[in-house]
Chemist: 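Take this structure, written in structure tokens, and hold onto it; I'll ask about it next.
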Amino acid sequence: MRTEEVLAAIATGLWRWDNAAGTVTLDAEAARLLGLPAEPGSYRESTVRSCFHPVDWNEIYAVVNLAVTEGTLAEARLRIVDERGRVLRTVRSRSKPVVPPGRDIGSYVLYGTLQEVAEPQPGSTDAAHTPITGDWRRSREAFLLDAGRALAEARSTAEVLRVAGSLSMPGFSPDGLAVFGSAGERLTIIGQHGHNAGDEEPFTDMPLETDYPAAEVVRTGRAIYLPSPDEYHRRYPATWPLARRFGRQSWAYLPLVSSGRTMGAWMAAFRHPVAFTPDERAVLSTVARMLAQALARAGVAETERELSLGLQRSMMPTLGPEIPGMTVAARYVPTGGGLQVGGDWYDMIPLPNGRIALVIGDVQGHDVRAAGLMGQLRIALRAYASEGHRPDAVLARASRFLSGLTDAYESVEGDADPATPRFATCLYAEVDPEAGTLDIARAGHPDPVVISADGTAVIRQTAGGLPLGIETDSDYPTTRVVLEPGETIMLCTDGLIETGGHDMATGWSRLRPVLEEPADDLEQLADALVQAVHGPTSHYTTGPLADRREDDIAVLVLRRESTPARKTPPRRSVMTIAQAEPERISVGRQLVRELLHDWSDPEQVDSAVLMLSEMATNVLVHTDGDALMVAEVSGERGERRLRVEVADASDELPHKRRPGEMASSGRGLVLMEMLADAWGVDPRGAGKSIWFELYESGEPDEPNESDESDESDESDEPSDGLDRPGEPGEFAEAAS
């Protein structure tokens, strides 16, 4: 009897499927089983496809691809349907994919058999474990989706192993897992689950030439399935004693392949027998691929974190030495993406004259190059400061240094894109601990914030120049800020202000309540500032609910220790308005408004701003010198006194004018008489000081020296140039 006759007698047909040509060749029995005419023939793939249930045809691709990859048989159960979609019979397919010479691995010829199988009776064991069923397929797809999502979210090797150990595979969950890696010519264990501590020792540092399944998988890149202990003992007798003590019944060892390289092996061990059907192998292979990708991502992420932490540790300084009479706190928070390194930094530098320099800055960018530029710029600033240069000279030299450094980078790397220049903002402050002064030079950096002893926070406007690296020759004027005992100054980068969709104005509004909250400890204040941006409450402030680590943050806080003083120390602000900078009058107005932010009468605040503007404008218009403004708020809340002085170097005392109805100037005196609770002129050795006072309660809380001199002088024309409320005095022509 011929082979074809034997196969026909047992209802078994032969088929040949050429994947590249898209043709399927059938013998008579195979054609009959598929519902085609019972005679040998060659059919197009689309014709044969219509004979199978659509879901089962899609299943064939996964089973065949797995067999091509592993070099095993492709085995599946398939439902044959008629033209109306009714199931006629179920056939079992066993085939061997062969890749002809000269073809790639995706172009194969499938040789196999088709055999009719009896339909399982309801309630039978076979019915419950039929591989190709809709319910099993849906549960498998749901499992793979959940597993893929969980592994994709794991950010470290430990998390990947924890997720792998918690996977519940449909119908055949393993109870023991191990992930093997390779180091040179030896096998290592990356992690395990379901074993006791110390169980992995015999498998650690095992030579790859050992007759052990995991070692063979790493060597060959092919999966190994051991459905029974007898099979394990037969194939690996040398290492069977090591596996026997765990009491498992089946094992699967699969390669972990990433970027075409076998990086290790994954072992799944079962306490119950597993036949490792093609569908079960497909699930295990898919999980192995996802596990390999997750481990590769976790390894890269851990390397980047270690690199970023190393860069931070090497580049960020520690605060020291201690400053006599002052305390300092600082924070640095990198951005959330990438290497978590960037261009923000702070520094504290001992100077040759015994003073201390505080530096805070921000190099553009959040990448490794920004961190590298920051490190070099920080070293250059320390060198220039250690040479004893003043703040303006330090920044001028640093700007030339960064400009040359950026040009060198561009010439080497070809990164000469004018749309993304590399520059840096910086604030350099030379601190005199004894006098409590800070000489500040600023290069495009946010202004500092001064917090008075009573908790009022005011942005201290300072002169500044262009960011470092923009021009080789830039000027950086210096501003002196005086810290009274108990006062605090806060320096920060723009990340603290603008993170979360804020601009400078709204970001300042978010930080001001935090700065004005009582904090005896500067470390507590620094933490509160960071929490205001990155903490949960930051999502309830103005701005979109964006990633709160979108920019680096550096914060530096300095406080001058308080001394026994009055119950409520005064608020005080000093600034110079130069002849060449009339626009700084608006800065003075803003300073006065911030000093009076909690004043009870808003109309008095407007009056104070108007009178300051009149006095400062008068100095710039009618003298050749600069104006020095001093504003001070003293006393208890509800009974406070505001005193504003504007001094100049002119000896000419003011005189009253009577402007005509159409005159555009000369009414400054009228404003002073109408709006101020007290005002006057103090002659000095060189120049004079014009002042006014406002009382929060409407009455003076205590007389000042100038008031007492007014009361002691009873002449009709005061010789000292002072003017009392309601009395005409001499005042130079005021600009309208």
Side-chain angles (χ1 to χ4, degrees), residues 315 332 334-335 341-347 349 357-385 389-410 415-430 438-449 459-479 481 490-499 502-505 507-508 550-556 581 583-584 587:
M315 293 184 177
Y332 172 70
T335 185
V341 295
D344 289 23
W345 88 96
Y346 63 84
D347 207 349
I349 309 170
L358 298 180
V359 187
I360 190 166
D362 180 4
V363 176
Q364 179 209 11
H366 311 295
D367 51 11
V368 175
R369 180 182 167 190
L373 287 173
M374 177 269 288
Q376 297 177 79
L377 181 58
R378 175 175 162 244
I379 293 173
L381 282 165
R382 291 186 70 91
Y384 297 140
H389 298 293
R390 294 288 297 163
D392 55 340
V394 170
L395 290 190
R397 285 168 167 76
S399 182
R400 288 195 293 271
F401 170 81
L402 182 59
S403 178
L405 199 61
T406 303
D407 293 340
Y409 266 108
E410 292 175 354
D415 182 15
D417 184 2
T420 58
R422 292 286 181 158
F423 58 86
T425 65
C426 183
L427 188 149
Y428 182 99
E430 184 176 317
L438 290 86
D439 293 332
I440 297 175
R442 190 170 56 86
H445 202 78
D447 284 301
V449 176
I459 298 177
R460 182 62 169 88
Q461 302 282 350
T462 57
L466 292 173
L468 304 179
I470 298 296
E471 293 183 358
T472 55
D473 295 319
S474 297
D475 294 328
Y476 297 97
T478 303
T479 303
V481 175
M490 189 272 291
L491 315 176
C492 69
T493 56
D494 59 354
L496 184 70
I497 303 173
E498 297 181 335
T499 294
H502 291 271
D503 55 21
M504 282 292 177
W508 163 240
E550 60 200 34
D551 196 3
D552 307 327
I553 292 176
V555 181
L556 195 58
E581 298 177 315
E583 65 275 5
R584 287 184 61 80
V587 177

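Worth knowing before you read on, the calculation uses all heavy atoms, side chains too, and leaves out hydrogens, waters and symmetry mates.
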Chemist: List the atom of Y476, the atom of D392, and the distance in Å for their closest heavy-atom pair.
Modeler: O-CB, 2.8 Å
Chemist: So how far is it from Y384 OH to R397 CZ, rounded to the nearest 0.5 Å?
Modeler: 8.0 Å
Chemist: Rounded to the nearest 0.5 Å, how far does SG of C426 lie from CG of L377?
Modeler: 6.5 Å
Chemist: Could you pull out the closest heavy-atom pair between F401 and Q376, with the gap in Å?
Modeler: CE2-O, 3.7 Å
Chemist: If we only count heavy atoms from C-beta on, is the I440 to L427 side-chain gap below 4.5 Å?
Modeler: yes
Chemist: To the nearest 0.5 Å, what is the distance between OG1 on T425 and CG on L466?
Modeler: 12.0 Å
Chemist: Are D447 and R460 within salt-bridge range, i.e. N to O under 4.0 Å?
Modeler: no
Chemist: Is there side-chain contact between L395 and L381, with heavy atoms separated by less than 4.5 Å?
Modeler: yes
Chemist: Are more than 12 heavy atoms, taken from residues, nucleotides or ligands other than D475, located less than 6.0 Å from that residue's CG atom?
Modeler: no
Chemist: Grab the two heavy atoms, one from S399 and one from P467, that are nearest each other, plus how far apart they are.
Modeler: OG-O, 4.4 Å
Chemist: Do we see a donor-acceptor contact under 3.5 Å between the side chains of T472 and R400?
Modeler: no
Chemist: Can you check side-chain contact (heavy atoms from CB on, under 4.5 Å) on Y428 and I360, steps first, answer last?
Modeler: CA-CA 7 Å; Y428 182 99; I360 190 166; over 6 Å; no
Chemist: Establish, from distance only, whether the side-chain atoms of D344 and T493 form a donor-acceptor pair under 3.5 Å.
Modeler: yes
Chemist: Is the shortest side-chain heavy-atom distance between V555 and Y346 below 4.5 Å?
Modeler: no
Chemist: Does the side chain of V394 come within less than 4.5 Å of E430's, by heavy atoms?
Modeler: no
Chemist: Would L496 and M490 count as a side-chain contact (heavy atoms from CB on, under 4.5 Å) here? Give the steps.
Modeler: CA-CA 11 Å; L496 184 70; M490 189 272 291; 4.3 Å; yes
Chemist: Nearest 0.5 Å, what's the CZ-CH2 distance between R378 and W345?
Modeler: 10.0 Å
Chemist: If you round to the nearest 0.5 Å, how far is NE2 of H502 from CH2 of W508?
Modeler: 14.0 Å
Chemist: Show your reasoning for whether side-chain contact (heavy atoms from CB on, under 4.5 Å) applies to C492 and I497.
Modeler: CA-CA 8 Å; C492 69; I497 303 173; 3.9 Å; yes
Chemist: Can you name the nearest heavy-atom pair linking A463 to T479, along with the distance?
Modeler: N-OG1, 3.0 Å
Chemist: Would you tell me whether D439 and T478 have side-chain atoms, one donor and one acceptor, within less than 3.5 Å of each other?
Modeler: no
Chemist: Any sub-3.5 Å donor-acceptor pair from R442's side-chain atoms to H445's backbone N or O?
Modeler: yes
Chemist: Please give me the minimum heavy-atom distance between V359 and L556, naming the atom from each residue.
Modeler: O-CD2, 4.0 Å
Chemist: What are the two closest heavy atoms between D503 and E498, and how far apart are they?
Modeler: C-CG, 4.2 Å
Chemist: Compare all side-chain heavy atoms of S403 with those of F423 and state whether any distance is below 4.5 angstrom.
Modeler: no
